[in-house]
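See structure below.
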Amino acid sequence: MAFQEIKLYQTGTFVAGNRLLDPDQRSVQARTGRSNTLTSGHRACRGCGEALGARYVLDAAMRATDGRLVAVNSTGCLEVFSTPYPESSWQLPWLHSLFGNGPAVAAGVAAALKARGLDDVRVVGQAGDGGTVDIGFGCLSGMFERNDDVLFVCYDNEGYMNTGVQRSGATPPAASTANTKALGDQPGNVFGQGKSVPLIAMAHEIPYVATATVAELRDLEAKVEKAMTFRGARYLHVFVPCPLGWGADSADTIRLARLAKESGIFPVFEAEAGEVTAVSRIRRQVPVEDYLRPQRRYAHLFGDHPRPDLVARIQDRADRNIARFGLLPEGDE
Amino acid sequence: MRSQVEGSQAVARAVTLCRPQVIAAYPISPQTHIVESLSDRVRTGELAGCEYLMVESEFGALSACIGASGAGARAYTATSSQGLLFMAEALFNASGLGLPIVMTLANRAIGAPINIWNDHSDSMAMRDSGWIQLFAESNQEAVDLHVQAFRLAESLSVPVMVCMDGFVLTHAFEEVDLPTQEQVDAFLPPLVPQQLLDPDDPVTIGAMVGPEAFTEVKYLMHVKQMAALDELPVIAAEFRAAFGRSSGGLVKPYRTDDAETVVVALGSVLGTIEDVVDTMRDEGHCVGALGITCFRPWPAAEVREALAHATRVVVVERAFAVGAGGIVGQNVRDATRGLPLEAYDVVAGLGGRPVTRASLRRLLDDVLAERLDPTALHFLDLDHALVQRELERSRHGHRPGPHAENMLRALGTVASGAYE
């Protein structure tokens with residue numbers, strides 16, 4: 001990791017206070033000069049992980065580019081809650097075109113900036129998981145393959161939340177959504193489906209791929225800053241809990257993101273040119289059940305007719321991530 | 001400079017002279033020669049300062065142009081047929097955002113059945129997408145319309161589609177007078193964007209608009225499109241002054257002054273129609289032709305004026321609204337409401353079927369002799385026997401199978417071009 005790591009276990013939160021850091025290591029958000037790129041007053045739900053993630057990503061990108069930044073946004077929650085006409089929460093040049101074309105629009109912006117000789121102005125594309133892993137996937141793969149100078153950020157809340165919580169290609173197995181309800185023998189989303197776009201991005205051998213969660217915001221900021229040191233296509237996949245879609249307490253957004261990482265459900269890693277270069281190890285491993293229980297979308301696994309068999313299958317998936325990426329705490333592997 | 005050149009090469013040269021800064025394109029016949037040629041020109045440096053994106057789809061192509069245009073670059077793409085339909089969502093988006101993108105549409109039929117040959121089904125399907133649609137009659141006009149299209153697009157901040165008949169024009173070698181760089185530079189100033197993604201002056205483009213202002217935003221789109229009806233003749237006049245030839249404008253009346261019967265059409269078929277008009281004039285028939293250069297916005301006043309003294313109008317169109325009738329015909333009826341004239345809708349030249357002088361002559365003879373029913377939709381050179389045979393099969397067969405294959409089998413042919 002590029003940033004100064006401080007383990008502060010006594011707070012029980014793993015959160016390192018800024019005052020313990022060297023001034024030049026302090027969080028972008030802690031600086032008075034932060035850009036407030038996504039400013040207050042927007043209409044995201046209470047506890048929205050995506051709003052939190054977007055704020056950290058863009059402020060870090062603004063710092064890394066000295067404010068020379070353009071954002072392209074696919075249709076989705078982030079676009080809707082930030083720009084109900086005639087209001088806008090964006091304090092940077094921002095373009096929304098369609099649901100499925102964000103990566104192509106961002107590539108066009110990058111091409112225009114290059115043609116106009118504005119090499120110092122950089123481009124961030126952003127979308128939810130629907131706009132990234134499903135409807136925008138063709139354009140995303142094209143942008144990767146051409147190595148266009150775009151950082152594309154997926155805020156993954158594991159479903160189509162803006163349209164009423166339907167399943168996406170990023171919805172995990174067993175999760176109940178509006179079209180994968182907890183009905184029948186195999187309640188919730190089907191096992192054996194879905195895709196990992198970070199791994200697919202790596203297969204394109206683009207300069208930089210990283211995953212992050214909103215539980216570790218310094219890590220998220222550091223990855224954005226690192227991403228902006230590369231030219232070419234870069235991909236950042238941010239795990240952002242959705243209180244509404246997941247049936248979780250608004251106060252649990254950060255906790256759930258942390259549990260996803262600590263259980264191995266969501267592997268946090270970095271890759272360059274197709275090779276994994278760093279992983280964020282689990283600090284204190286927790287069973288997936290700790291992550292699943294607080295979420296109503298998994299309530300059918302623990303109710304009157306509990307499904308320990310399905311919980312075990314989810315644990316298997318987490319264990320596979322742990323083995324695949326080497327996520328166990330140092331000394332435990 | 002005059003040269004014998006393929007239509008696609010001429011258009012690629014014209015686009016090059018317009019100095020686009022971003023080109024994003026995806027291959028589809030019959031547009032391919034244009035974007036291939038532009039790729040060459042970017043690589044050799046003939047078209048300097050241009051980023052060429054070889055995208056993964058037509059949807060990506062127009063989307064990249066949307067981003068490029070929003071970021072202040074002159075953006076261009078070209079497509080045909082299915083490619084235009086694949087762009088559909090982005091077409092409406094580009095016009096809704098008011099981005100001055102220019103596109104060449106090499107007109108081609110839309111499947112199924114899949115067919116690579118020329119008709120106007122593609123542009124007509126997207127006629128209400130908010131793009132200005134200009135139709136070239138010849139390769140010379142295609143070249144000239146591109147130069148004018150960038151001017152028009154950028155003066156109104158609306159996207160413009162230059163339609164040219166696939167193969168008939170794109171692949172035809174004929175003499176074209178290609179302008180010089182100096183001429184085009186003098187005619188087409190550098191782009192001054194009306195909205196721009198600029199870190200020094202950040203704006204939000206593409207905000208969500210609800211019922212409180214959606215109608216007004218759409219109304220403004222209409223106002224801007226209608227402004228093109230004033231702007232286009234001005235640009236065409238300036239073009240004539242600068243380049244010494246007439247191209248573009250809204251409509252092209254041909255011997256309509258005292259014409260009782262006027263044929264209305266778009267695109268390359270006009271040449272054939274004008275030949276037929278000449279022949280019939282020589283025989284004493286009062287016929288004329290009206291070419292529609294600008295189909296969107298619809299030049300209702302100019303069409304009405306050109307048809308004011310006609311008693312019959314024959315609309316020859318290379319597309320139709322399935323289950324409804326003629327598309328151009330419907331617009332002509334709108335424009336001529338209240339005038340004492342009979343309008344005939346004739347679908348011709350679908351999927352590359354040639355529209356011959358002989359067929360047009362038969363059609364006009366039928367019209368003049370009042371053998372054609374003005375209330376019906378007519379299909380020029382339709383093989384009625386073939387259709388009847390297939391309908392009969394459908395009525396009696398338990399599983400009659402796919403129509404297209406059945407009809408080809410009945411014809412004893414497996415490729416287009418074997419018609420009579």
Side-chain angles (χ1 to χ4, degrees), chain A residues 37 62 65-73 75 79-118 120-123 125 136-146 148 150, chain B residues 19-24 26 42 48-75 77 86-87 89-90 92-94 96-97 99 101 191 193 195-210 212-214 217:
Chain A
T37 316
M62 285 286 272
T65 59
D66 201 18
R68 307 291 286 165
L69 190 70
V70 173
V72 170
N73 215 124
T75 308
E79 167 262 326
V80 170
F81 75 61
S82 64
T83 64
Y85 179 89
E87 300 157 6
S88 172
S89 291
W90 300 104
Q91 306 212 69
L92 84 172
W94 183 93
L95 171 62
H96 160 247
S97 173
L98 296 168
F99 197 2
N101 70 355
V105 174
V109 171
L113 293 170
K114 189 171 177 203
R116 295 179 58 220
L118 299 171
D120 60 324
V121 182
R122 308 295 299 278
V123 186
F137 187 67
C139 288
L140 183 69
S141 179
M143 188 275 277
F144 286 164
E145 164 277 308
R146 292 186 304 271
D148 294 322
V150 171
Chain B
R19 302 186 190 273
Q21 292 160 295
V22 174
I23 296 173
Y26 186 81
V42 171
C50 177
E51 291 294 310
Y52 189 114
L53 291 175
M54 297 181 202
V55 287
E56 70 296 329
S57 70
E58 289 90 354
F59 179 63
L62 187 52
S63 297
C65 287
I66 287 170
S69 190
R74 183 172 284 164
T77 187
F86 201 23
M87 285 180 180
E89 192 189 8
F92 282 77
N93 188 253
L97 292 174
L99 296 172
I101 300 163
L191 167 67
Q195 52 188 335
L196 181 63
L197 296 166
D198 177 5
D200 293 325
D201 183 16
V203 290
T204 291
I205 304 177
M208 187 174 200
V209 178
E212 69 281 1
F214 188 80
V217 175

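All values derive from a computational prediction rather than experimental measurement. Order of the sequence lines fixes the chain letters, A, B, ..., with proteins taken first and strands second; residue numbering starts at 1 for each chain.
With a threshold of 4.5 angstrom between heavy atoms, B/Leu62 does not approach chain A through any atom at all. Using a 4.5 Å cut-off between heavy atoms, B/Ala90 touches chain A through backbone and side chain atoms alike. In this structure, chain A has a heavy atom under 4.5 Å from the side chain of B/Leu97, while its backbone stays farther away. Heavy atoms of A/Asp148 lying under 4.5 Å from chain B belong exclusively to its side chain. Interface remark: A/Leu95 contributes backbone and side-chain atoms alike to the contact with chain B (heavy atom separation under 4.5 Å). Only the backbone of A/Gln91 comes within less than 4.5 Å of a heavy atom of chain B; no side-chain atom from C-beta onward does. Within the 4.5 angstrom heavy-atom criterion, only side-chain atoms of A/Val70, from C-beta onward, approach chain B. For B/Val22, the part lying under 4.5 angstrom from a heavy atom of chain A is the side chain only. Proximity to chain B (any heavy atom under 4.5 Å) is shown, for A/Ala111, by both the backbone and the side chain.
Residue with the most contacts toward chain B among A/Ala106, A/Gly142, A/Pro86: A/Gly142 (heavy-atom pairs, distance under 4.5 Å). Comparing A/Gly67, A/Ser141, A/Gly100 by heavy-atom pairs within less than 4.5 Å of chain B, the highest count is held by A/Gly100. Among B/Ala68, B/Ala73, B/Ser63, B/Ala71, the residue with the largest count of heavy-atom pairs under 4.5 Å with chain A is B/Ser63. When each of A/Ala115, A/Ala107, A/Cys139, A/Pro84 is scored by its heavy-atom pairs under 4.5 Å with chain B, the top score falls to A/Cys139. Among A/Ala112, A/Ser82, A/Ser89, A/Ala110, the residue making the largest number of heavy-atom pairs under 4.5 Å with chain B is A/Ala112.
Not a single donor-acceptor pair under 3.5 Å links the side chain of B/Asp201 to the backbone N or O of B/Asp198. A donor-acceptor distance shorter than 3.5 angstrom exists from the side chain of B/Thr77 to the backbone of B/Ala24, with no hydrogens or angles considered.
For the 3.5 Å distance criterion, the side chains of A/Ser88 and B/Thr204 qualify, holding a donor opposite an acceptor.
Residue-environment remark: CE (B/Met54) exceeds the threshold of 12 foreign heavy atoms within 6.0 Å.
The distance from atom OG1 of A/Thr83 to atom CE of B/Met208, rounded to the nearest 0.5 Å, is 7.5 Å.
A salt bridge links B/Asp200 with A/Arg68: the distance from a Lys NZ or Arg NE/NH1/NH2 to an Asp or Glu carboxylate oxygen falls below 4.0 Å.
Taking both residues in full, the closest heavy atoms of A/Ala71 and A/Leu92 are given as CB-CD1, 3.9 Å, listed atom of the first, atom of the second, then distance. For the residue pair B/Glu58 and B/Tyr26, the shortest heavy atom distance occurs at OE2-CD2, 3.2 Å.
Sorted by first and then second residue, the ring-ring contact (aromatic ring centres under 6.0 Å, His included) pairs involving residues 91-111 of chain A (not counting sequence neighbours) are A/Trp90-A/Trp94.
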